There are 2 protein chains.
Amino acid sequence: MEEKTPSVLLTTPSWLLTQTAMHAQRIVAEAFAAENSRGYHFRLLATLMEFGPSSQAALGRHTGIDRSDIVATVNELVAAGYVERSPDPADGRRNIISLTTAGKRRHRHLSELVDTIQDKIFAPLSSTERATLAGLLTKVLAHHS
Amino acid sequence: MEEKTPSVLLTTPSWLLTQTAMHAQRIVAEAFAAENSRGYHFRLLATLMEFGPSSQAALGRHTGIDRSDIVATVNELVAAGYVERSPDPADGRRNIISLTTAGKRRHRHLSELVDTIQDKIFAPLSSTERATLAGLLTKVLAHHS
DNA sequence: CGCGATCGTGGGGAGCGCCAACGACTAGGC
DNA sequence: GCCTAGTCGTTGGCGCTCCCCACGATCGCG
């Protein structure tokens with residue numbers, strides 16, 4: 001009934017990495033979707049939470065999200081009432097995006113959600129193993145930037 | 001000039017995982033793209049190499065690729081001459097997909113490409129660290145299946 | 001024979017990442 | 001002050017991966 005994946009793939013490190021990541025991402029994405037949200041929303045909310053009101057271009061630089069996609073995401077967040085878009089009086093090109101009270105609440109909620117999910121994802125690992133994994137990933141990640 | 005990503009994300013394990021995976025995937029994808037190929041192609045070729053001629057549904061089960069997407073991918077591989085699609089004489093519903101000589105050559109080529117790239121991806125890790133990482137990822141991956 | 005399951009195929013959609021172009025605007029050099 | 005270069009928001013498009021649904025054809029089993 002069940003047919004296995006080729007061993008060639010299973011022994012390829014980058015395959016292990018991307019597959020594990022996909023499972024993780026799927027779990028997170030489903031949790032977000034259940035709240036009518038998605039990754040981009042959380043990224044923007046978290047960035048606004050940490051850096052305060054910013055222009056859309058700055059948000060893009062912080063999150064790594066393309067300016068084009070920022071527009072759509074901000075539109076959605078504005079429509080949901082989590083964020084406000086107002087023109088920058090000091091620079092006619094910019095919009096200033098700022099969190100509303102509902103937005104801050106939203107961020108905290110999603111944040112707790114993400115924290116809870118971490119355990120679900122890394123369940124089979126001990127806390128020291130998790131730290132080891134995080135360390136290795138950080139090392140690799142730092143190298144590509 | 002350079003603006004950092006929120007620390008909230010950097011300290012989230014699943015974020016580290018997905019981000020690292022994305023870098024890896026991007027490197028692999030670019031290498032594939034430079035050869036007019038993509039991930040699905042390699043997955044199918046590798047599966048055919050390991051399990052021999054198979055039906056499209058079987059390929060889907062081995063690779064985790066949806067039947068719909070198998071169709072398109074096989075079309076592309078047929079057009080490139082790497083694969084042949086012939087009706088199964090024993091079962092009127094099935095097509096038998098088999099590698100051509102060019103397909104086997106192609107698989108070997110892409111396979112070497114992938115191997116080479118692994119070093120580029122995990123450059124900052126020692127071989128023991130790579131083994132540790134692979135072990136941890138395998139552990140997590142096994143848990144989600 | 002008939003019914004459920006499988007197979008190939010087509011269509012659509014979501015999420016994420018990326019690029020091109022354009023009008024509005026700002027800032028720096030002259 | 002003017003002009004050029006660069007930034008910003010916005011629209012529109014593309015690609016890859018993953019996923020779901022529906023249909024006609026075929027098979028297998030009761």
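All values reported here derive from a predicted model rather than from experimental measurement. Chain naming here is simple, since letters A, B, ... match the order of the sequence lines and numbering starts at 1 in each.
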Is the phosphate of [N] approached by [X] (side-chain N or O, under 4.0 Å from OP1 or OP2)?
X	N	value
B/Arg43	D/dC18	yes
A/Arg38	C/dA14	no
B/Arg26	D/dG15	no
B/Arg85	C/dT9	yes
B/Gln25	D/dC16	no
A/Arg94	D/dC8	yes
A/Arg61	D/dC8	yes

Whole-Å gap separating [atom2] ([N]) and [atom1] ([X]):
X	N	atom1	atom2	result
A/Asn75	D/dG9	CG	P	12 Å
B/Glu76	D/dT17	CD	P	10 Å
A/His41	C/dG15	NE2	C1'	11 Å
B/Phe42	D/dT17	CZ	P	13 Å
A/Glu30	D/dC20	CD	C1'	14 Å

- Task: Check if the side chain of A/Arg67 and the base of D/dG9 share a donor-acceptor pair of N or O atoms closer than 3.5 Å.
- Result: yes

- Query: If you take atom types as modelled and just measure distance, does the side chain of B/Ser68 reach the base of D/dC20 with a donor-acceptor pair under 3.5 Å?
  - Reply: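 For B/Ser68, whose side chain was compared with the base of D/dC20, there is a donor-acceptor pair (under 3.5 Å).
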
| query | According to the interplanar angle, ranging from 0 to 90°, do the rings of A/Phe32 and A/Phe42 count as parallel (below 30°), tilted (30 to 60°) or perpendicular (above 60°)? | reply | tilted

Problem - Over 12 non-hydrogen atoms of neighbours within 6.0 angstrom of CZ in A/Arg108 - result: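 12 or below, so no.
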
